[in-house]
Amino acid sequence: MKAGIVVFPGINRERDMAIALEQSSGEKPRMIWHKETDLSGLDLVVIPGGFSFGDYLRCGAMAARSPVMAAIHAHATRGGYILGVCNGFQILTEAGLLPGALLRNAALRFLSMDCQLTVERADTVFTKRYQKGQTFRSVMAHGDGNFFADDATLDRLEGEGLVAFRYAGENLNGSARAIAGVYSPNLRVLGLMPHPEDLVDPLMGGTDGKPLFDALAAA
Amino acid sequence: MKATVTVMLKTGVLDPQGKAIAHALGTLGFDNVNDVRAGKVIELDLNETDPAKARAEAEDMARKLLANGVIESFRVEVA
Amino acid sequence: MKATVTVMLKTGVLDPQGKAIAHALGTLGFDNVNDVRAGKVIELDLNETDPAKARAEAEDMARKLLANGVIESFRVEVA
Amino acid sequence: MERDVNQALAREFGLNAEEYNRVLEIMGRTPSFTELGVFSVMWSEHCSYKSSRVWLKQLPTKAPWVIHGPGENAGVVAIGDGLAAIFKMESHNHPSFIEPYQGAATGVGGILRDVFTMGARPIANLNALRFGSPDNARTRRIVDGVVRGIGGYGNCVGVPTVGGEINFHPAYDGNPLVNAMTVGIAPTDRIFLSAAAGIGNPVVYVGSKTGRDGIHGATMASAEFDANSEEKRPTVQVGDPFTEKLLIEACLELMATDAIVAIQDMGAAGLTSSSVEMAGKGGVGIELNLDNVPARETGMTAYEFMLSESQERMLMVLKPEREAVARAIFEKWDLDFSIIGYITDTGRITVRHQGEIKADIPLAPLNDQAPLYTRPTVETPKQEQLNAARIEDRLGLTAGLRKLLACPDLCSRAWVWDQYDSTVGGQTVKRPGAADAAVVKLEGLKRALALTTDCTPRYCLADPEMGGMQAVAEAWRNLTAVGARPLAITDNMNFGNPEKPEIMGQFAAAIRGMAAACEALDFPVVSGNVSLYNETEGKGILPTPAIGGLGVLEDAAQAVGYGLPSWLDIVVIGKTQGWLGQSLWLREINGREDGAPPPVDLAVERANGDFVRSRILSGEIRACHDVSDGGLLVAVAEMAMASGVGARLSAHPRDVPGHAYWFGEDQGRYVVAVPDAASFIRTSEAAGVPAVRIGVSGGGDLTLPDGGTISIETLRADHAGFFPAWMNGDNRS
Ligand SMILES: Nc1ncnc2c1ncn2[C@@H]1O[C@H](COP(=O)(O)OP(=O)(O)O)[C@@H](O)[C@H]1O
Ligand SMILES: [Mg+2]
């Protein structure tokens, strides 16, 4: 799968993401500056973590309205794959490509620690190297990861199988129904708060995030 | 002229910051507080002299950027 | 009754958020914006019927907690 | 706003009569208001090091791997693979007391700029913090603000915060210490310096606009606090980490071209110190036109432009005809870029504003004739060595351990580091709480850096020389304990009022101790910072020479942590005499803060450490923890808590009282976990290094030599309790 990583000013996990993608696919992802508008030739567009535009006003708000987003919308409409992690997830919700919003963490503090995620379904392009119901370790590092959507939306997400991951154990940031990640209706757009890309090497404490990138590389 | 956009979380959206402030006010001995809501205010200095136009423009900005309709509501004052 | 405390950075203090919002509004095509300042608003629901007392209390809260006197100033409205 | 320049104004600006007379002599006339401002900040303690310079010269600064020692924006050492580590520590103590969040945040921003201005990509941040008593109402708010500020800035710029230290003591009630350290990486042949050159070359300003922030911050940082400080404070600087992130990327992008002649961040005393230092170092002149300085506010005067400490700004000298390349890069990153002057051959700094010359000062005397004081010193009287056998243990081992693990100086810092992004970059091998030093791998290579900050201020108060030595030795020990080869240190000398002979005596003695340790351990000082006048109403802080240590591991996979694995022998390396003087046990259990601190024997330190490192690299040592605050039992408990694996400890030798053996703070020791203690001890004896088997790991409990048993879960609960409980109820944001 040909992958590209979108770099907004203030994004800071693009290097981590590039390493994870390259490690699984053997291919360097294309780095896409936020003022570019041509995403042709890419199968997967990744929006990595960080503080786009300083997270000022609302996390992801300004990035979601910048020039590259029209091309990302078009990519989504074409049925292209999109992965948004952390700030990338926030940007995708702000852009309306995923439902809901990410509010301040319930305890109003930045949370940087390991967490456990449960895989809700293992039949998507992102999760087919995991098993349904499996839990795996990931790293979270965010101040605004408290997933919110109104009850009707939450019911719909659950009803249609669009919840990707939930926090297992303690729901530290207060997310509605412990949701850590969600899919678009066609299951091709995934947003999640924790960072699978930071656990792809035993030296860094484990490889629990690697199956996600292996699956994408094989797709 | 100046337009002030006030952005608040919609009712129904949990406001942990408001809650924390209420709690902190309580510990400081302010016991007259029923409820606290925390929000944002954005003061715009616009190059526009017609109040109606300034309001319309600020409302447009709020819809397009300053507020997130999924969780927030806004109001605009012009002065 | 309700008291609204608006907290803004003092003039002269850098407002990175305001700066970024102004820039973003510019890229969205709003070219009438001279300046943007971002602040906080805290809406207090007070168990108090006397407007003067409510104001005094809100001001006291602002001084003691809601505003950081080193970099922020505040104003109170009572309704 | 420009006032008449005279002796009285000079004093207000922090220049004494003698210093002002020297200004008159240099200028040959009464200086202008702006000129006086320039002199006062350049000759402030903060910028001129006038009280400390004579002593700092005693520190060893050389080694074959040192590329640039003190004097540049940061120290530079070769780490192999053609790369250099660039690092420095800096204080933001005064600003953090006035406004904890912004003070700490801008401290992080400032130290980052010192490092990337030399061409390095920052790869790690650390912070050494000292706060007042937890019982003091103000302390909690300061801790909350400082921690949020450090996280707020570091997380946003995307540099992992991987380590640090925190102490509490009432001596810091009115003067918390916030020392921030940044480490960056650059190719050894692409390091950027600050000496200006090339007559006619453009002087370029990049970054944020200038406002009236922090004017006279440098002089403030050189003065004691009194009851009126709140009134006198300058406009507090607000950090903008987003702009800093853009500045990092833009500068690194420009540095990949060949456009830059010299570059320097605008730190304390902003445009003044950057332009004066760049021109001074290059032996050239500089002419500035302030009309071209991007301004955030209207009506700013020359004085305000020159003294502003607005953040996220840099000054550079470009090669001729390279402006367009540079401008394009900064415009791409939406940063201000403005040519504000030229390099001249006059040897003077000339400042124009609105058609007038506002300052015209010869640079050589401004730099060379800066005041230099050999202030009187008085030695700290030596304290008596305590006899452990005469100090009663009223609590016993179990209760003593639990109390110590829960005390503010030893309890878990997880509440703090959980707010710092320690993994961004994807190279963090050992995060906080996993090892004695943080370990960060270099992207794409096997090589890793080990990083630590250390100082034990209570030792420094009791015996500044031994304390200075101990701080350096502990940093070296912490790097060694992960398997790294220690290379160099940065230091942050935090002391009280240097005009008091006792304080200057502490300073001089600490330097002596540090110098001896640096010498013996081949561990030179390559950068540092001095923060004096940390006093409020005559009450000074504990002398705090904070040490930031850097070491290298050729293969990150060889790094060990302190989490105790199951079913291994536990061995202590180094001699245990049971030194209770100045120990935490003595303070927390007996309420006494007395006695001589544990002595450091540098030859033993080196022998023990070199042995430990060799056994880590050979793979024999599976976990390692240096013994410091709280002594042996605390060290073992920390290892057990880190992995969740318990241990059974054997009886202590008969000639040392139990509490002294298990809680004493003798130096130069490590606890290691090895598969076979007998063979391990044979090797250590052959190397002349004392080693004793003290137990075996396994299970879920810690079984003490007196038979007491505590579950690891209980220990963890004791350990984790303090911070969250203390901070709860104050969510002010
Ligand atoms: N301010 C801080 N920021 C980040 N990590 C910290 C901070 N203070 C302490 N730590 C981490 O907590 C752990 C224990 O610190 P410390 O008690 O100083 O260890 P030691 O005594 O072995 O030097 C280390 O991993 C250290 O890096
Ligand atoms: Mg240490």
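Everything quoted here is computed from the prediction, not taken from an experiment. Order of the sequence lines fixes the chain letters, A, B, ..., with proteins taken first and strands second; residue numbering starts at 1 for each chain.
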Practice problem: Go through D:Phe330 and D:Cys251 one step at a time and tell me if the side chain to side chain contact (heavy atoms under 4.5 Å, CB included) criterion holds. | Solution: CA-CA 8 Å; D:Phe330 284 87; D:Cys251 286; 4.1 Å; yes
Quiz item: For residues A:Ser112 and D:Asp421, is any side-chain donor paired with an opposing acceptor at under 3.5 Å?
Solution: no
Quiz item: Between the side chains of A:His195 and A:Asp16, is a donor N or O closer than 3.5 angstrom to an acceptor N or O?
Solution: no
Quiz item: Between the side chains of A:Tyr167 and A:Ser175, is a donor N or O closer than 3.5 angstrom to an acceptor N or O?
Solution: no
Practice problem: For chain D, find which of A:Leu111, A:Asp55, A:Asp114 contributes the most heavy-atom pairs closer than 4.5 angstrom. | Solution: A:Asp114
Exercise. Indicate the ring-plane relationship of A:Phe165 and A:Tyr130, choosing parallel, tilted or perpendicular according to the 30° and 60° boundaries.
Key: perpendicular
Quiz item: Are more than 12 heavy atoms from other residues, nucleotides or ligands located less than 6.0 Å from atom CD of D:Glu554?
Solution: no
Quiz item: Checking A:Asn105 against chain D: side chain, backbone, both or neither under 4.5 Å from a heavy atom?
Solution: neither
Quiz prompt | Segment of D:Asp334 engaging chain A (4.5 angstrom heavy-atom cut-off) | solution = side chain
Quiz prompt | A:Asp198, part contacting chain D, at a heavy-atom distance under 4.5 Å | solution = side chain
Self-check item: Which portion of D:Val157 sits near chain A, non-hydrogen atoms under 4.5 angstrom
Solution: backbone
Quiz item: Looking at D:Val439, D:Thr423, D:Leu246, which has the largest count of heavy-atom pairs under 4.5 Å with chain A?
Solution: D:Thr423
Quiz item: Which answer fits A:Phe53, side chain, backbone, both or neither, if we ask what part of it has an atom under 4.5 Å from a heavy atom of chain D?
Solution: both
Practice problem: Determine the option with the most heavy-atom pairs under 4.5 angstrom with chain A, choosing from D:Ala557, D:Cys156, D:Pro241. | Solution: D:Cys156
Quiz item: In residues 441-451 of chain D, which residues are in contact with chain A at a heavy-atom separation under 4.5 Å?
Solution: D:Lys441, D:Glu443
Practice problem: Indicate yes or no: does A:Lys2 engage A:Glu27 in a salt bridge with an N to O separation below 4.0 Å. | Solution: yes
Exercise. Examine the side chains of D:Thr243 and D:Arg313 and answer whether a donor and an acceptor come within less than 3.5 Å of each other.
Key: no
Quiz item: For A:Leu203, is it the side chain, the backbone, both or neither that has a heavy atom under 4.5 Å from a heavy atom of chain D?
Solution: both
Quiz item: Which bit of D:Thr428 is near chain A, if near means a heavy-atom gap under 4.5 Å: side chain, backbone, both or neither?
Solution: backbone
Self-check item: Any donor-acceptor pair under 3.5 Å from D:Arg413 side chain to D:Ile166 backbone
Solution: yes
Quiz item: Quick one: of D:Gly425, D:Ala556, D:Ser422, who has the most non-hydrogen atom pairs under 4.5 Å with chain A?
Solution: D:Gly425
Quiz item: Is the number of heavy atoms from other residues, nucleotides or ligands within 6.0 Å of CD (A:Gln131) greater than 12?
Solution: no
Exercise. Please name the pair of heavy atoms, one in A:Ala178 and one in A:Asn171, separated by the smallest distance, quoted to 0.1 Å.
Key: CA-ND2, 3.6 Å
